[in-house]
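Below: one structure, written as structure tokens.
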Amino acid sequence: MDRMHFGEHSSSQFNEALESIRNNLMEMGGLVEKQVVDALQSLLQADSALAEKVLETEDKVDKLEMLIDEECTKVLALRQPAASDLRLIIAVTKAVSDLERIGDESAKIARMGLQLAEEGESPRGYVEVRHIGNHVRNMLRDTLDAFARFDAKKALEVAAEDNEVDLEYRSAMRSLVTFMMEDPRAISRVLNIIWSLRALERIGDHARNIGEQVIYLVEGKDVRHISVDEIEAKLKK
Amino acid sequence: MSVNGARIMDTAQKIDDKTPRNETPASQSEGEQAMDNTTRYPDQTVGNPFVDNAKMRMRDVDVFYGEKQAIHGVSLDIGKNEVVALIGPSGCGKSTFLRCLNRMNDTIDICQVKGNLHLEDQDLYDPKLDVVELRARVGMVFQKPNPFPKSIYDNVAYGPRIHGLANKKYDLDEIVETSLQKAGLWNEVKDRLHSPGTGLSGGQQQRLCIARTIAVSPEVVLMDEPCSALDPIATAKIEELIAELSESYTIAIVTHSMQQAARVSNRTAYFHLGRLVEMNDTETVFTKPEHDLTEAYITGRFG
């Protein structure tokens, strides 16, 4: 971790460019985190105003994504970054697309919130949404934290958390499907909850992806598409 | 800035601490043991300075200019048909080291080279060795194109003539043509082989010098910043040429352009203050270098 000294280039403009990229990434991360929290809130409390706010934030997130990509392109073209600088740029460009997707998923949840506010509450599933929602929210916070501090260990923990979220999602799905079979009149409303859970599960995947980029950034190892145990083994090498 | 400087000083200090240059015990300086690379320098150079199919093996190379030591115990291999890039900040000893490999340092009176340097089984500093012969086996291309004030033809034919590689005009013609072709210059000069070499453009002159170097069929070609006086197009041509030449020759190149090192070489050696800090696959050096100093240099944090 002591290897990550992004502010020490001979060229102060290079320092500033990397600094700006990191700041914008953190701003985008903050915005998306807020989006997830608000989307959950709007669904759980049937708050349409808050849901609308989530949808409005999307535009801002998209603009930041494009801004950061442009900054990264510029650094690649003008500075030919190498080693940790190169890994930072690669990790950031991948992380922003995951963040943008997380924004999209929270917008989905907000839209489900709007529908449920109109149609009336679902008879089931809120406990699961709250539980998995909190879990995923923490993962997102931790993965952004890991990025800010170049903390590969924390990023690995996020990857491990994702496995739990997947389990929770599957078990929630089973119980909701069983419920729909028992009470077909509630299918449309329960489906809204199911889509929201699906979105949350996807957010967990994206948080894990960002964590994998942090590991690449810090350790220089590509740990995508392998299990947590395999990641650990690879990092020990 | 001062904080920055302090950190670099600190890391530089660290490597000094890590790599104490002990006096080499006499028993290690000869024979098999000198070639054993696994146990001798646990802390010195990080990465993989040694290869199995080495064309040139250098061990414990120290170079002094008078009292001043310019190179401290550098050990590395250059593999057969491999392109090795030597990089590092000015004054780090990379050119000095390169010049040891065909004894160009002999021309500097106060320069003294110690250690084991071998081209295959040939000790480069064997007093009985004919240096002219050695330089035919290990050719060199310099920073500034330096064609002889002769015709293009004679520039290339000069080496084969003095080494007696071709006796008949017909043989010589063929060597000149193939050398110029390998250097990618034939098509541009075939109609004016007897006009002066100095009349060519800088990039063409450099390729002429490369043709002159390879005309004597060397085994190793050393290049000391061969592109630093050339424009990007000429540079690209030389780099392309390096890739082609590496099929038949072993190449060591000193360059100030890190991108160039990244583009042309298989392995990269990073020198710092006369020490070999790291030698690794070029890809490793440029994506995940092992040593802090390498990282700092290639990302532009000092130098």
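Worth saying up front: this structure is predicted, and the values here are computed from it rather than measured. Below, each value reflects all heavy atoms present in this structure, side chains not excepted, and no hydrogens, waters or symmetry copies. Convention: sequence-line order gives letters A, B, ...; per-chain numbering from 1.
Atom CZ of A:Arg137 has 12 or fewer neighbouring heavy atoms from other residues, nucleotides or ligands inside a 6.0 Å radius. Atom CG of A:Leu167 is surrounded by more than 12 heavy atoms from other residues, nucleotides or ligands within 6.0 Å. Other residues, nucleotides and ligands place no more than 12 heavy atoms under 6.0 Å from the CG atom of B:Asp52. Around atom NZ of A:Lys154, more than 12 heavy atoms belonging to other residues, nucleotides or ligands sit under 6.0 Å away. More than 12 heavy atoms of other residues, nucleotides or ligands shown are found within 6.0 angstrom of NZ on A:Lys234.
Atoms CD1 and OG1, from A:Ile90 and B:Thr287 in turn, are 10.5 Å apart once rounded to the nearest 0.5 Å. The OG atom of A:Ser84 sits 10.0 Å away from the CG atom of B:Asp292 when rounded to the nearest 0.5 Å.
The two atoms that bring A:Leu86 and B:Phe286 nearest to each other are CD2-O, 4.3 Å, heavy atoms only.
Between A:Pro81 and B:Thr299 the shortest side-chain heavy-atom distance does not fall below 4.5 Å.
Contacts with chain B were tallied for A:Arg79, A:Lys221, A:Gln80; A:Gln80 has the most, counting heavy-atom pairs under 4.5 Å. When each of A:Ala82, A:Ala83, A:Ser12 is checked for heavy-atom pairs under 4.5 Å with chain B, A:Ala83 comes out on top.
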Query - CA sep, side-chain torsions, deciding dist, call: A:Phe6, B:Arg301, side chain to side chain contact (heavy atoms under 4.5 Å, CB included) - result: CA-CA 9 Å; A:Phe6 290 107; B:Arg301 282 162 173 81; 3.7 Å; yes
